[in-house]
Colleague: 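Quick one: the structure is below, questions incoming.
Everything numeric here is computed off the predicted structure, so don't read it as measured data. In the text below, chain A, chain B and the rest are named by the order of the sequence lines, each starting its count at 1.
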Amino acid sequence: MPSRLQKEDLRKRFRSVTPKRNRRRFVGRLLLLFFIFVGFGTIAVGLKLKNLEKTVEEKFSTARRWNIPSRIYSDTEYLYPGVDIHQRALVTKLERLGYRQVAGEIKGPGDFLVSPAHIDIFLHDFAYPLEKFAGFPVRLDINRSVIIKMSDVESGETLSLVRLEPEEIAIIFDAKMEDRTLISLKEAPSQLLEAVILVEDERFFKHKGVDPIAILRAALADLLHLRLVQGGSTLTQQLVKNFFLSPQKSLRRKFNEALMAIIIERKHTKGEILEAYLNEIYLGQRGPSSVTGVAEAAKHYFAKNVNQLTLGESALLAGMIRNPSEYSPIRNKQRAKERRNLVLNKMLEAHVIDEKAYKMAVAEEIITPKPKIKPVVAPYFIDFLKQQLSSLYPQDVLEAEGLKIFTTLDMTVQTEADQSLTQGLANLEKQYGSILPKNHADLLQGCIVVISPQNGYVRAMVGGRDYTASQFNRCTQGMRQPGSTFKPFVYLTAMTPKRSKKLFTPATLVEDKKFTINTVQGPWSPENYDGKEHGTITVRKALEASYNIATAKIALDTGLEEIVETAREAGIISPLTAVPSIALGAFEVTPLEMAGAYTLFPNLGLRAEPLSVIHVMNSDGEVLEKKTLKIKRVFDEAPTALTTQLMKGVLDRGTAAAARAMGFSAPAAGKTGTTSEYRDAWFVGFTPQILSLVWVGFDDNVPTQMSGARGALPIWTSLMKKIAGNATQDFPFPKNIIQVEIDPDTGMEATKKCPKVFLEFFIEDTEPKEKCPHGK
Amino acid sequence: MRGFCLFALFCSLCLLVTGCPKKPTLTKPKPRKPRVVRPVPPIPSGPEALNPKREASQNMIRVGEHYLSEGNLDKAVQTFQEAINIDTENGVAYYYLAKGLYQKQNYDDALGVLEKSEALLANYSDWVAEIKRLRNQIQETKANPPPSLQQTEYQKWIYH
């Protein structure tokens, strides 16, 4: 056994010989391992950095950093003396446009003031196609709700016309649903920049993307309060987080955020970073879409362009960045005020503003526009529009290029049409619940199209009673039988000398007696809706009372091919066959097609092609698409004027006389339509200036048991009373139209002895030559 | 007495002769023209500023004319279209729109719009003449487009 000494000796000997070589080897290996680790680490970090740099450059350095949604606008509102502000719902319109009602006086763009004698409006700036409009204050003098004078408040100059900018009716977003208006750094007011930097990143101009001092200060504050009270992220880091990364909190994300912030700071100037930040920052929610960037937020919260913000508003916007929903002035004015004052105080302490400016800003009242009750308006019209635009611009272009699409939609008319349909259908269900089918799975549906017949502008479109329940647009996609609403085209053909095989006048007599005709499909015999025969009647009576048998006879005498030709020229593009039943509207059309075809009546034979888009403008203000009026003469003036006069009789004495009883007194013409077994109820009617069509029915063609007069006419009347009022202007006549007194029973010229006399319209030289037989 | 009898006979004869009905003359009754009424046009469609709407539309036309004279055709056409939008029955606005479209070499649309103008201004002889002149001009230019619009032989060769 070795002694203790020997053991010590052995140990010493071992230490002195073995370790020297082994230690060197060990250290060498350790060093190698370290270098390998460092090497791989460097490569990995390098690759990571390269990768991050590539990501940053790919997204951040491109000219278009964001997808800018396209915006769809309504038509411009024109104000001039004589306009009834109640009829045009001016105050509601101003609220929809984001104007803010103030008391005392209007101070800046977007303010309006209502007093009994006048309305003052500080007009917004607006970029119209080919024109940039700079807002100014106007005064509208009012007498009994009618504008009597308009003037520029600043110069006192009398104005003959004031334009209210188009309303934004829809935004075409990408999947992110970010609503954003881009601005350059130059456009942002300096007070807003100062406030943002002061509140969010005081040392913005001193750090290189990451600020260790801020991190330390935040950590200390958090420790002191034992919770997260302060963030240490720089403005660049916040930009990186919003722009490139997901909102999830993790160390890995924080690490990437810091690296990317450093990369951006190396590659871009502070100005570029600040501009991107102002356009990227999230500032709240508007329905399903987010309010992104200070310019959009200025519009949303203050109805102003960003360069029009006051000091107080700038301070509030900067203060809202931390928690947009908590400090939203729309949700809580008091909390917003406290936050604004805190920011203002900070600005005063940092000598960014002086005492006087501070006091004025603190005293500012926070005025926000009335929030929009209905974020989506005219959804069926928008769908129709998107469908039209899809042939010109692919969906990704619409979602990203920030196009401005100017339409013909009249928002006042659209709102009225919406209300009239919803209310009208509810009334029908209530009033005629007993005759409507029981336990029907779907609700009664309807649609409304309103067109300005002179220029073809589509003024309103309601494709159904509830867009959220059904997106099927009954105006443009619903193929329905027009029934008797087609009859005016039969009568127009019959009274056109150049076209009809036998010329008819309003006084021509026809037999309303049952007959049968052999057709390719078999024998056909038309019947009247009342199931009766009415003997010998005039053409006028046949249309006013909508007699089927008489109309079928007129059609057969006129020529079925000729009627098809008329329908085609009027703009009906759906398939049509020259069969006898065509006279009674036994084919399918869309309501929009029908409304478009009817424009030739108030237009004296000219057809104005329905227009829904007028201009498309890109984000640089360049006009990409311009639509001009397309008007074409498709018929002679005289027979068209005669048909219109017959349709006037439909409202004054015929199947639509209930409209007069309901209080609609303006000169108007129209035609009811009911299809077999009461599946569809129609009414198409017009004044010289506005045409509207109403259809009511079930989507699955189940009979409603309602005629056009019962189902569609009340809705039409309610709408026209609001949009046409009780105008007095009548329809125009061409020079070769004359009026002659006739006996309405015989259609002959009236004598003093005739018991009944009617002043009938004729194309000159087609008037009756024989006197009535009474008293002979 | 005899004298008296002769006198009485003479008087009776005279009475007999004068008392005879006159032979009726057979003339055809004149055809009576029916009482014809010419309906009055409901609203003048000319340039007269009969209401503030027409006045506003006329002012817009003046702005459009200015653009037209400057050669800013796009803006002119847009302005005339706005004038129509304000007052859809202002025949003069349609005339100027047709003029603008013609200058933009959009002949078919110009002719269509001119039809509307003609329908609205039918009672204004000066305007009817002006419309006729413009229509002839458009039709002539459409039939013989200016050299700049005609394809040269080289262009034809390139395109085909």
Side-chain angles (χ1 to χ4, degrees), chain A residues 75-76 78-83 128-131 147-148 160-163 408 452-455 457 603-608 614-615 623 626-633 637 641 667 688-689 728-735 737-742 749-750 759 761-762 764 767-769 771, chain B residues 31-45 49 51-60 62-63 67 72 74-90 93-94 97-98 100-101 104 106 108-120 122-123:
Chain A
D75 196 11
T76 311
Y78 298 99
L79 300 175
Y80 42 83
V83 167
Y128 289 92
L130 307 172
E131 180 193 348
I147 300 174
I148 49 167
S160 66
L161 182 75
V162 167
R163 282 187 304 182
T408 56
S452 173
Q454 310 279 351
N455 55 6
Y457 280 18
N603 231 355
L604 284 182
L606 291 165
R607 183 175 183 271
I614 318 173
H615 288 105
V623 177
K626 288 185 287 272
K627 295 268 182 186
T628 43
L629 306 190
K630 297 247 184 277
I631 297 174
K632 196 182 167 193
R633 172 155 302 285
E637 290 182 327
Q689 282 151 350
T728 50
Q729 191 192 326
D730 210 335
F731 294 98
F733 308 95
K735 280 183 173 171
I737 288 284
I738 55 165
Q739 277 180 290
V740 175
E741 282 180 346
I742 63 154
E749 189 201 333
L759 197 58
F761 292 83
F762 294 94
E764 200 162 17
E767 67 271 18
K769 303 286 188 265
K771 290 188 184 73
Chain B
R32 192 177 73 91
K33 270 206 125 187
R35 201 167 69 78
V36 169
V37 181
R38 287 197 184 271
V40 185
I43 183 166
S45 316
N51 58 37
K53 183 160 90 167
R54 181 63 49 85
E55 197 182 330
S57 176
Q58 286 297 120
N59 283 344
M60 205 56 134
R62 279 189 278 277
V63 175
Y67 287 124
N72 189 349
D74 282 339
K75 190 69 193 151
V77 165
Q78 185 187 322
T79 312
F80 295 136
Q81 212 154 286
E82 273 198 78
I84 292 169
N85 200 9
I86 295 165
D87 183 358
T88 52
E89 281 153 310
N90 185 352
Y94 289 94
L97 177 62
L101 290 170
K104 281 183 62 131
N106 190 348
D108 289 335
D109 287 348
L111 286 170
V113 172
L114 207 57
E115 284 266 13
K116 179 74 189 167
S117 172
E118 192 178 30
L120 289 166
N123 295 323

Colleague: Between B:Lys53 and A:Tyr78, does the side-chain contact (heavy atoms from CB on, under 4.5 Å) criterion hold? Intermediate values first, please.
Modeller: CA-CA 9 Å; B:Lys53 183 160 90 167; A:Tyr78 298 99; over 6 Å; no
Colleague: Let's go through A:Tyr457 and B:Thr88 carefully: what are the C-alpha distance in whole Å and the side-chain angles of both, what is the deciding distance for side-chain contact (heavy atoms from CB on, under 4.5 Å) to 0.1 Å, and is it a yes or a no?
Modeller: CA-CA 11 Å; A:Tyr457 280 18; B:Thr88 52; over 6 Å; no
Colleague: When rounded to the nearest 0.5 angstrom, what is the spacing between CD in A:Gln689 and CG in B:Asp87?
Modeller: 7.5 Å
Colleague: Identify which part of B:Asn59 has an atom lying under 4.5 Å from any heavy atom of chain A, answering side chain, backbone, both or neither.
Modeller: side chain
Colleague: Tell me, for B:Asn106 versus chain A, whether the close heavy atoms (under 4.5 Å) come from the side chain, the backbone, both or neither.
Modeller: side chain
Colleague: Quick check on B:Tyr94 against chain A: is it the side chain, the backbone, both or neither that has a heavy atom closer than 4.5 Å?
Modeller: side chain
Colleague: Heavy-atom distance under 4.5 Å to chain A: side chain of B:Leu111, backbone, both or neither?
Modeller: neither
Colleague: At a heavy-atom separation under 4.5 Å, does A:Lys735 approach chain B through its side chain, its backbone, both, or neither?
Modeller: both
Colleague: For A:Pro129, is there any backbone N or O sitting under 3.5 Å from a side-chain donor or acceptor partner on B:Gln78?
Modeller: yes
Colleague: Mind checking whether A:Leu629 and B:Leu97 have side chains closer than 4.5 Å, heavy atoms only?
Modeller: yes
Colleague: Rounded to the nearest 0.5 Å, what's the gap from NE2 on A:His615 to CG on B:Asp74? Could you check?
Modeller: 8.0 Å
Colleague: Inspect the surroundings of NZ in A:Lys630 and state if more than 12 heavy atoms from other residues, nucleotides or ligands are less than 6.0 Å away.
Modeller: yes
Colleague: I would like to know whether A:Asn603 and B:Lys116 meet side-chain contact (heavy atoms from CB on, under 4.5 Å); could you show each step before the answer?
Modeller: CA-CA 8 Å; A:Asn603 231 355; B:Lys116 179 74 189 167; 2.4 Å; yes
Colleague: Heavy-atom count check: over 12 atoms from other residues, nucleotides or ligands less than 6.0 Å from B:Lys75 NZ?
Modeller: yes
Colleague: Under a 4.5 Å heavy-atom cut-off, does chain B meet the side chain of A:Phe761, its backbone, both or neither?
Modeller: side chain
Colleague: If you look at every heavy atom in A:Tyr80 and B:Ala56, which pair is closest and at what distance?
Modeller: CB-CB, 4.2 Å
Colleague: Stepwise, does the side-chain contact (heavy atoms from CB on, under 4.5 Å) test hold for A:Thr628 with B:Lys104?
Modeller: CA-CA 12 Å; A:Thr628 43; B:Lys104 281 183 62 131; over 6 Å; no
Colleague: Roughly how far, to the nearest 0.5 Å, is CG of A:Asp75 from CD of B:Glu82?
Modeller: 8.0 Å
Colleague: Side chain from CB out, backbone as N, CA, C, O: work out which of these in A:Arg163 comes under 4.5 Å of a heavy atom of chain B, or both, or neither.
Modeller: side chain
Colleague: Please classify the contact of A:Ser452 with chain B as side chain, backbone, both or neither, using a heavy-atom distance under 4.5 Å.
Modeller: side chain
Colleague: Roughly how far, to the nearest 0.5 Å, is the CD atom of B:Glu115 from the CD atom of A:Glu637?
Modeller: 8.5 Å
Colleague: Just how far is it from atom CD of A:Gln454 to atom CG of B:Leu120, taken to the nearest 0.5 Å?
Modeller: 6.5 Å
Colleague: Side chain, backbone, both or neither: which part of A:Ile742 has an atom under 4.5 Å from a heavy atom of chain B?
Modeller: neither
Colleague: When heavy-atom pairs shorter than 4.5 Å are enumerated against chain B, which of A:Leu130, A:Ile147, A:Val623 gives the highest number?
Modeller: A:Leu130
